[in-house]
Colleague: 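Structure in structure tokens, see below.
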Amino acid sequence: MNLKSFLKPYRGMRDYLPKDLYERRVVEEAIRELFKLYCYEEVETPTVEYYELLAAKVGEETRRTMYVFKDLAGRTLALRPEGTAPIVRLVTSKLKTAPKPLRLGYIWDFYRYDEPQRGRYRRFYQGGFELLGSSKPEADMEILSISIELMKKLKLEKFQVKLSDVGVLRGLMSSWGVDENVQNRVLSLADKKNYVEAIKELEATNLDEASISKIAGIFKLKGLNYKSILAEAKSIVGSCEHSIRSLENLEVILDYMREIYPEPEYILDLGFARGLEYYTGMIFEVFVENLDIALIGGGRYDKLVELYGGEPTPATGCAAGIDRLVLAMRVNNATPPPPPNRRVYLYILDGVPLSYGFKISTELRANGIPVEIEVMDRSLSKGLSTASRKNYPYALMLGLKEAEAGLVTLKNMFTGLQETLTLREALNRIRSSFNAS
RNA sequence: GCCGCCGUAACGUAGCCUGGUUAGCGUACAGGCCUGUGGAGCCUGGAGGCCGGGUUCAAAUCCCGGCGGCGGCCCCA
């Protein structure tokens, strides 16, 4: 059988070679650092969940792209397409009685059957922060802060935060008795900037023209000057309490966020909705210059825990696209250089018992020094050549002379100087140079 | 799901238009010159036309289909 055509990873999925993984780790470490600083506890759930659980509230677009399959017993399962559903599952089951608020973090892989393109893969990584139990703007502000801190940590200095509150439009439509499914369709069409179709959707519901033109008016409100946009929006929504509350909430959040983090550009866009159906309040996405794809996205989902059968639990959160952040760093030359090579190349010359070399390597490693032993039986000259091309700072050579005297020869590969020393001396020398660099 | 460009060793490429030597080169890899001393150089070696079909005496080259990569739309992370 010819396996050649199967040697490449499946479409939209990638192999991460050391360099790729290094870049990913940079982002992951920044996320874990924020878990710690913001007191989020990391959790992990299975990649595979029951289809029903995942499909419950994710929205048409995501449902269409789920990897769904049956197990041998006929159960319908799926690979998780996003992280909120599994988190909410935990919160409504094992963490049901955990003290609120709950701060949970994750770094998982996700799967969507999309057409791959720039920054979009069928298997991708997200780092998520979920804050459950609070309905207050300070919770949303915390999520926004985390997103902003992540961008800053990764040296992605010039970025935009686009935000809205789905309560503005939903509030209006609910007050007129518009069916929730229709609301979902309207929001999703608006999100696609397909305002014409969105309006048609509403016209089909026998809403009066005045109401429809209100919605159309909201769609258009977008820009940097949030004060005037909010004022305009308020005059449109009139006495609709839910919408007013959403607008006020946005105002509070924007006032404070601008004060705390003046750097990002905040774009208020009331026609922006996001594809996931579970959002109930503030929503946002983060963009960086030179790359027109959302790097981080999130929002408030106050009804989801209830939907899963738990106690009513307001919640908010965000997910950072790890592969996309890696890409953003590349595009903006923000990828940090990998750390210097701090290793020792150990060469055991002919005639020396291997045990002598292995004892020395064991001792070095016990002291935290990485050692690579020559295992190809190369000539010394070839070995040193390889070690130098790989940028090893030190070579340790063990010949009969050294073995008999219980010593080692340490060669500095940069200066070319070498000395025969006791293991202790060599170790100290290596260690101090590694600590210095 | 739609659209565009593109598929030659691990990587970068030449040849393709105008079908015809053993598919060439560079890097990388392995070895030798050089088994107690490296980075250079020289030499040697392994490794390749995405898959399937068609046209033809003959296909990397021309045609069709599939698959894949990159990018765009849409959506999202």
Side-chain angles (χ1 to χ4, degrees), chain A residues 2-15 17 19 27 31 58-65 80-84 107-128 147 150 162 188-189 191-194 272-276 283-288 291-299 318-328 345 347-352 374 376-403 409-418 420:
Chain A
N2 184 10
L3 293 178
K4 204 181 155 187
S5 45
F6 300 115
L7 248 31
K8 283 193 278 184
Y10 165 67
R11 184 168 169 84
M13 303 200 181
R14 303 188 284 166
D15 296 321
L17 297 181
K19 187 181 152 290
V27 176
I31 290 169
V58 290
E60 197 44 54
E61 190 69 23
T62 309
R63 206 171 304 130
R64 191 171 59 77
T65 60
R80 58 185 173 209
E82 55 93 43
T84 309
I107 295 178
W108 300 337
D109 55 347
F110 296 96
Y111 298 82
R112 288 184 203 170
Y113 196 105
D114 258 335
E115 282 311 298
Q117 61 179 256
R118 189 171 211 199
R120 190 170 73 191
Y121 302 97
R122 289 181 172 181
R123 175 181 190 240
F124 57 98
Y125 284 82
Q126 284 186 0
S147 304
L150 181 57
K162 179 166 99 172
S188 121
L189 286 166
D191 192 38
K192 293 178 190 175
K193 306 275 173 282
N194 197 342
F272 150 65
R274 293 177 61 76
L276 305 174
I283 52 171
F284 74 98
E285 287 176 357
V286 179
F287 297 84
V288 78
L291 196 60
D292 200 24
I293 47 180
L295 300 178
I296 306 173
C318 67
I322 292 172
D323 312 81
R324 288 184 172 190
L325 286 165
V326 166
L327 181 63
Y345 171 76
Y347 188 93
I348 305 167
L349 279 94
D350 278 348
V352 176
E374 172 54 48
M376 297 275 284
D377 193 30
R378 288 189 168 92
S379 66
L380 180 58
S381 115
K382 204 76 179 174
L384 288 173
S385 165
T386 304
S388 96
R389 264 186 303 114
K390 287 189 185 169
N391 275 319
Y392 277 54
Y394 285 107
L396 210 48
M397 291 170 289
L398 311 176
L400 281 175
K401 279 180 279 179
E402 287 86 353
T409 294
L410 180 68
K411 182 182 186 77
N412 182 319
M413 296 298 283
F414 299 130
T415 62
L417 300 176
Q418 69 181 56
T420 300

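All figures in this text were calculated on a predicted structure; none of them were measured in a lab. Note: hydrogens, waters and symmetry copies are ignored here, and every other heavy atom, side chains too, is used. Numbered from 1 within each chain, the chains take letters A, B, ... in sequence-line order.
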Colleague: Side chain of A:Ser388, heavy atoms from C-beta onward: which of B:rG71, B:rG38, B:rA30 has the nearest atom to it?
Modeller: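 So the side chain of A:Ser388 is nearest to B:rG38.
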Colleague: Nearest of B:rG72, B:rA30, B:rU37 to any side-chain atom of A:Ser381?
Modeller: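 Of the options given, the side chain of A:Ser381 lies nearest B:rU37.
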Colleague: If I take atom CG in residue A:Leu396 and atom C1' in nucleotide B:rG36, what distance separates them, rounded to the nearest angstrom?
Modeller: 14 Å
Colleague: Rounded to whole Å, please give me the gap between CE in A:Met397 and P in B:rU37.
Modeller: 10 Å
Colleague: Could you work out which one of B:rG72, B:rG38, B:rU35 sits closest to the side chain of A:Leu384?
Modeller: B:rG38
Colleague: Check the chi torsion on B:rG49 and let me know: syn if it falls within 90° of 0, anti if not.
Modeller: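 You should classify B:rG49 as syn.
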Colleague: Remember a base hit wins even if backbone is also touched, and classify A:Gly127 as base, sugar-phosphate or nothing at under 4.0 Å, heavy atoms.
Modeller: nothing
Colleague: Calculate the interatomic distance between A:Asp109 atom CG and B:rA77 atom C1'; express it in whole Å.
Modeller: 13 Å
Colleague: Looking at every strand, decide which applies to A:Arg389 at a 4.0 Å heavy-atom threshold: base, sugar-phosphate, or nothing.
Modeller: sugar-phosphate
Colleague: Report which part of the nucleic acid A:Ala294 touches: base, sugar-phosphate, or nothing (heavy-atom distance under 4.0 Å, all strands).
Modeller: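 Answer is base: heavy atoms of A:Ala294 come under 4.0 Å of a base.
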Colleague: Looking at every strand, decide which applies to A:Gly12 at a 4.0 Å heavy-atom threshold: base, sugar-phosphate, or nothing.
Modeller: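 If one applies the 4.0 Å heavy-atom cut-off, A:Gly12 turns out to touch the sugar-phosphate alone, with no base involved.
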Colleague: Touch check for A:Gly416, heavy atoms < 4.0 angstrom, all strands: base, sugar-phosphate only, or nothing?
Modeller: base
Colleague: Once you round it to whole Å, what is the distance between C1' of B:rG69 and CG of A:Asp15?
Modeller: 14 Å
Colleague: Out of B:rG72, B:rG39, B:rA77, which has the shortest distance to the side chain of A:Ser385?
Modeller: B:rG39
Colleague: Nearest-Å distance, CZ (A:Arg11) to C1' (B:rC50)?
Modeller: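 Rounded to whole Å, this separation is 14 Å.
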Colleague: Using a heavy-atom cut-off of under 4.0 Å over every strand shown, decide if A:Ile293 touches base, sugar-phosphate, or nothing.
Modeller: base
Colleague: For B:rA77, is there a stacking contact with A:Tyr125, counting only centres under 5.5 Å and planes under 30°?
Modeller: no
Colleague: A:Phe272 has an atom CZ; how far is it from atom P of B:rC74, in whole Å?
Modeller: 15 Å
Colleague: Need one value for A:Gly297: base, sugar-phosphate or nothing, where a base atom within 4.0 Å counts as base even if backbone is also close, heavy atoms only.
Modeller: sugar-phosphate
Colleague: Measuring from the side chain of A:Met376 (C-beta onward, heavy atoms only), which nucleotide among B:rG31, B:rU37, B:rG72 has the closest atom?
Modeller: B:rG31
Colleague: Taking atom C1' of B:rC33 as reference, at what distance in whole Å does atom CG of A:Leu380 sit?
Modeller: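 The answer, rounded to whole Å, is 16 Å.
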Colleague: Side chain of A:Leu349: nearest nucleotide among B:rU37, B:rG68, B:rG36?
Modeller: B:rG36
Colleague: Test the A:Lys162-A:Phe272 pair against the cation-pi criterion, namely NZ or CZ under 6.0 angstrom from the six-membered ring centroid and within 45° of the ring axis.
Modeller: yes
Colleague: State which of B:rG71, B:rG38, B:rG32 makes the closest approach to the side chain of A:Lys382.
Modeller: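 Nearest listed nucleotide: B:rG32.
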Colleague: Taking CZ from A:Arg378 and P from B:rU37, how many angstroms apart are they, rounded to a whole number?
Modeller: 17 Å
Colleague: Out of B:rA77, B:rG36, B:rG71, which has the shortest distance to the side chain of A:Leu400?
Modeller: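 Of B:rA77, B:rG36, B:rG71, B:rG36 is nearest to the side chain of A:Leu400.
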